Amino acid sequence: EKDGYDHYMLKEIAEQPRAYRDTMLGRIDGDSHGIVLPELQLAPEQIRQIQHIHMVACGTAYHAALVGKAVIERLTRIPVEIDVASEYRYRQPIIREHTLVIAVSQSGETADTLAAMREAKLSGAHILAITNVVGSSVAREADDVLFTWAGPEIAVASTKAYTSQLIVIYMLALYLSQCLNTLDAVTRTEMLAMMERLPVQIEEMLEDTRRVQRIAGELAECGNLFFIGRGLDYMVALEASLKLKEISYIHSEAYPAGELKHGSLALIEEGTPVIALATQEALLEKTISNIKEVKARGAYVIGVALEGNMDMAKTADEVIYVPRTHPLLTPAVSVIPLQLLAYYAALARGNDVDKPRNLAKSVTVE
Ligand code: M6R
């Protein structure tokens, strides 16, 4: 059942190109160069009335939703609030007549996400769920469902579910922007073409993972490390940090690159590993200067950058390159080597990769 892989996690990482294809299947219309979501109950007229969006989720799904907030706001200009589900349910969120609530959950059974959804439903919001499991509680209770079609995810550490959530979120943001007319057709066509290329780009990336394996072996010895990034890179940093903690038990923290100097820079000493994501060209110069700040304090910097990025090659001690794509789509490529990094670091430490201590695949209690 593991198809010859040592662990479900590795199998599920390798399945991502297939998962991307399945998630996009039938949802990109080549003739109109647009997104079609026939399963959506929400009509275009209702979409045009949406004033606010709330997103709720836990853990890795929350990290996918963070990317969702950024992308939906960028493409639609609708303000998006986002909360960890366990916080949302108790903070008396302001739900108005035209608030859309989007719940993201791989399993569709996470207690806090369900409770947040129910709370929002009581206030009259329209609930759109993004989930992987057909027939799950989240799927049944939502007004609308977009399935991620990643296939069953067995490993406790979520990988293909996260990336297929990203794909659904991109398609949803594009669909909303079509209804609202907030994105020009050229940019949309360009984004769609780049989305369709992702599976092949990831297949190529997965062909040779030796560099990531080597770096993971080196990191396996350390007790503490940092991830830094700006914008979408910060959101991927949060996910990469969670993945590493969850299975390798190495303590790590993710920071917006510009925030470190407001306190945590004090923790950087000779040899502290810092994984610096810099896939956002518009923010590159700023991130490079943050890398110089940590290097000056002795950090050992592993950069994650777009292929051909010479600035990173000159600044970091090691660079993991990822394929070039549309700036909003980079999380769908940059997270992959970082999933592998967590996997190989956990393996090197002799941990039970698929069943990390203290954790359950689906958290059905509060
Ligand atoms: O099934 P869900 O997507 O609702 O689960 C949410 C989190 O419990 C889950 O993503 C968790 O953070 C993962 N173990 C992370 O790898």
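All values reported here derive from a predicted model rather than from experimental measurement.
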Provide the closest heavy-atom pair for Val304 versus Ser334 in the form atom of the first, atom of the second, distance. CG1-CB, 4.3 Å
Surrounding NZ of Lys361 (heavy atoms of other residues, nucleotides or ligands, distance under 6.0 Å), is the total greater than 12? yes
Under the 4.5 Å side-chain heavy-atom rule for ILVMFWY, direct or indirect, which residues accompany Val134? Val145, Phe147, Trp149
Quick one: does Thr163's side chain get under 4.5 Å of Ile202's, heavy atoms only? no
Counterpart residues, side-chain contact (heavy atoms from CB on, under 4.5 Å), relative to Arg230 (two or more places apart): Ala257, Leu283, Lys286, Thr287, Asn290
Using 0.5 Å steps for rounding, measure from the CE atom of Met195 to the CG atom of Leu329. 6.5 Å
Indicate every side-chain donor-acceptor pair of residues 236-245 with a distance under 3.5 Å to a residue at least two apart or in another chain.
unit_1, atom_1, unit_2, atom_2, d
Glu239, OE1, Thr60, OG1, 3.0
Glu239, OE1, His63, ND1, 2.9
Glu239, OE2, Thr60, OG1, 3.2
Glu239, OE2, Lys243, NZ, 2.7
Ser241, OG, Lys245, NZ, 3.4
Ser241, OG, Ser252, O, 3.4
Ser241, OG, Ser252, OG, 2.7
Lys243, NZ, Thr60, OG1, 3.0
Lys243, NZ, Ser158, O, 2.6
Lys245, NZ, Ser252, O, 3.1

Smallest heavy-atom separation, Ala150 atom then Lys160 atom, equals O-NZ, 2.9 Å
Separation of Leu180 CG from Tyr175 OH (nearest 0.5 Å): 10.5 Å
Heavy-atom check, side chain of Val353 versus side chain of Leu10, under 4.5 Å: no
Does a donor on one side chain and an acceptor on the other come within less than 3.5 Å for Glu141 and Ser137? no
Closest contact, heavy atoms only, Ala139 versus Thr131: CB-CG2, 4.0 Å
Same cluster for Leu183 and Leu40 if Ile/Leu/Val/Met/Phe/Trp/Tyr side chains link at under 4.5 Å? yes
List the residues meeting side chain to side chain donor-acceptor pair (under 3.5 Å) with Glu270, not counting sequence neighbours, and say none if there are none. none
Distance-minimising heavy-atom pair for Pro273 and Asn224: CD-O, 3.5 Å
Does any non-hydrogen side-chain atom of Leu42 lie less than 4.5 Å from one of Leu37? no
For Val319, what are the other residues in its hydrophobic cluster, where any two members join if their side-chain heavy atoms are less than 4.5 angstrom apart? Phe226, Ile228, Tyr255, Leu260, Leu265, Leu267, Ile268, Val274, Leu284, Ile288, Ile291, Val294, Val301, Met312, Tyr321
Report yes if some heavy atom in the side chain of Met205 is under 4.5 Å from a heavy atom in the side chain of Gln201; otherwise report no. no
Testing Ile215, Thr209, Ile302 one by one against Leu341 for a side-chain contact (heavy atoms from CB on, under 4.5 Å), which residue passes? Ile215
Could you check Glu15 against Glu153 for side-chain contact (heavy atoms from CB on, under 4.5 Å), going step by step and ending with a plain yes or no? CA-CA 10 Å; Glu15 281 172 346; Glu153 193 180 62; over 6 Å; no
Distance col, row Leu176:CG vs Asn181:CG, nearest 0.5 angstrom, shows 13.0 Å
Anything under 3.5 Å between a donor and an acceptor, one on a side chain of residues 50-58, the other on a protein residue two or more places apart or in another chain? List them.
unit_1, atom_1, unit_2, atom_2, d
His52, ND1, Thr99, OG1, 3.4
His52, NE2, Arg96, NH2, 3.1
His54, ND1, Tyr88, OH, 2.9
His54, NE2, Glu81, OE2, 3.4

Which residues share a side chain to side chain donor-acceptor pair (under 3.5 Å) with Asp184, sequence neighbours left out: Thr187
Of all residues at least two apart in sequence or in a different chain, which pass the ring-ring contact (aromatic ring centres under 6.0 Å, His included) check with His7? Tyr343
Hey, does Leu347 have a side-chain heavy atom less than 4.5 Å from the side chain of Asp6? no
Close side-chain approach of Met117 and Val101, heavy atoms under 4.5 Å: no
List the atom of Tyr300, the atom of Gly271, and the distance in Å for their closest heavy-atom pair. CB-O, 4.0 Å
Only pairs at least two apart or in different chains count here, so list each salt bridge (Lys or Arg N to Asp or Glu O under 4.0 Å) that has a residue in residues 49-78. Lys69-Glu73
Compute both the distance and the angle, then confirm whether Arg349 meets the cation-pi test with Tyr249: under 6.0 Å from the six-membered ring centre, within 45 degrees of the axis. no
Output the rest of the hydrophobic cluster of Leu25: all Ile, Leu, Val, Met, Phe, Trp and Tyr residues reachable through side-chain heavy-atom contacts under 4.5 Å, sorted by chain and number. none
Let me see the working for Thr159 and Gln16 under side chain to side chain donor-acceptor pair (under 3.5 Å), right down to the final yes or no. CA-CA 8 Å; Thr159 53; Gln16 289 177 107; 4.9 Å; no
Looking only at the side chains, is there a donor atom on one of Gln106 and Tyr162 sitting less than 3.5 Å from an acceptor on the other? no
Remaining members of the apolar cluster that contains Val200, side-chain heavy atoms under 4.5 Å: none
Please find the pair of heavy atoms, one from Gly303 and one from Ala316, that lie closest to each other, and give the distance. N-CB, 3.9 Å
Which residue is it: Lys355, Glu1, Lys2? I am looking for the one with a side-chain hydrogen bond (donor to acceptor under 3.5 Å, both in side chains) to Tyr8. Glu1
Please tell me if the side chains of Ile247 and Asn351 come closer than 4.5 Å, counting only heavy atoms from C-beta onward. no
Just jot down the side chain to side chain donor-acceptor pair (under 3.5 Å) partners of Tyr170, sequence neighbours excluded, or say none. none
Glu39 and Arg27: salt bridge (Lys or Arg N to Asp or Glu O under 4.0 Å), yes or no, with the steps? CA-CA 10 Å; Glu39 63 269 56; Arg27 286 164 164 171; 2.8 Å; yes
Answer yes or no: is there a side-chain heavy-atom contact under 4.5 Å between Leu225 and Ile275? yes
Looking only at side chains, do Gln41 and Asp144 share a donor and an acceptor under 3.5 Å apart? no
